[in-house]
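As a basis for the values below, the full set of heavy atoms in this structure was taken, side chains included, without hydrogen atoms, waters or symmetry mates.
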Amino acid sequence: VSYSYLKTDVKFKYPFYSKEGAFSFEDSSGTHTGVTSFCENTEGSDPNKGLVREQVDILYDEQADEAGTAQFAVDLCKHTDPYQVGLALVPRDGSLREIVTGVEQKMAEFKTDPDYEKLRALRPIDSLIVPDVLYKLTHHFKDLEGKHLANERWPGYSIFEAMQVIDFTLSRTGVVLKSEARIIAPPFARKPRSIEEPRYFYFNRPFLIYVKKRGAEFSPFFVMWVDNTELMKEF
């Protein structure tokens with residue numbers, strides 16, 4: 001039996017606020033579904049209200065006049081250490097590796113903007129809404145099961161079962177990731193604009209979630225493309 005287990009619990013320093021009412025998410029087929037979500041704003045008198053907004057770091061931003069064409073990436077809490085939770089609203093162009101590489105390139109270009117220090121902050125005129133994501137997925141690797149081991153020290157052994165279980169939650173308090181895998185082998189160019197305009201970081205279309213150690217030298221150890229509301233909670 002070969003077994004591996006991963007557990008990561010990333011808590012935001014200041015919990016976000018549950019958004020009142022349904023948040024409309026549009027999947028790649030154009031279907032709109034009302035889901036639960038969280039945001040940085042509240043009508044209440046929470047003394048941490050400003051700190052919730054301050055913890056968000058805009059990694060890059062390409063707002064657009066035409067609805068449904070904006071692209072951006074955010075670090076939901078710049079205080080989490082050693083891990084970073086990033087979200088990117090981008091088109092699905094290529095493999096997940098290619099999407100992550102493209103996002104990293106845009107992030108690097110964003111830092112060269114002369115207004116970078118102002119644009120990286122989530123200002124009071126800006127707003128952020130993120131759908132709650134929660135799912136448990138079990139995947140059997142059928143292409144491996146039944147195959148014989150090529151290792152000469154294990155003659156006659158074949159793979160009886162190869163599976164992985166992923167339990168993932170993204171909510172207003174943070175991210176919880178659990179991943180369990182086992183293999184059993186028995187002996188058988190940004191548009192110019194005024195920086196005073198409000199920006200809307202609404203993750204209401206398919207988007208990318210990644211978790212990585214902080215630092216440009218590290219690659220994500222978890223990447224997920226969110227494209228349907230089966231991964232969310234209907235309002």
Original post:
Partners of Y60 by ring-ring contact (aromatic ring centres under 6.0 Å, His included), sequence neighbours excluded?
Top reply: none
**OP:** Check Y202, F201, F38 against L128 for a side chain to side chain contact (heavy atoms under 4.5 Å, CB included) and give me the one that passes.
**Re:** F201
Original post:
With under 30° as parallel and over 60° as perpendicular, where do the rings of Y5 and Y3 fit, or are they tilted in between?
Top reply: parallel
**OP:** Answer yes or no: is there an ion pair linking E145 with K142, defined by an N-O contact shorter than 4.0 Å?
**Re:** yes
Subject >> Within-4.5 Å side-chain heavy-atom neighbours: K212 and S219 >> reply: no
Original post:
Do the non-hydrogen side-chain atoms of V223 and I99 ever get within less than 4.5 Å of each other?
Top reply: no
**OP:** Using the test ring-ring contact (aromatic ring centres under 6.0 Å, His included), find all partners of F221 that sit at least two apart in sequence or belong to another chain.
**Re:** Y83
Original post:
Below 4.5 Å, heavy atoms only, C-beta onward: do T101 and Q105 meet side chain to side chain?
Top reply: no
Original post:
Got a donor-acceptor contact below 3.5 angstrom from the K13 side chain to the C77 backbone?
Top reply: no
**OP:** Scan T8, V175, L6, L177 and name whichever one has a side chain to side chain contact (heavy atoms under 4.5 Å, CB included) with F222.
**Re:** L177
Original post:
To the nearest 0.5 Å, what is the distance between CD1 (I159) and NZ (K147)?
Top reply: 8.0 Å
Original post:
Measuring from L76:CG to L59:CG, what's the distance to the nearest 0.5 Å?
Top reply: 9.0 Å
**OP:** Could you list the residues that satisfy ring-ring contact (aromatic ring centres under 6.0 Å, His included) with Y14, not counting sequence neighbours?
**Re:** none
Subject >> Between T173 and S171, a side-chain donor and acceptor under 3.5 Å >> reply: yes
Subject >> Side-chain heavy atoms of L89 within contact of L87, under 4.5 Å >> reply: no
**OP:** Return yes when atom CD of E217 has more than 12 non-hydrogen atoms of other residues, nucleotides or ligands closer than 6.0 Å, and no otherwise.
**Re:** yes
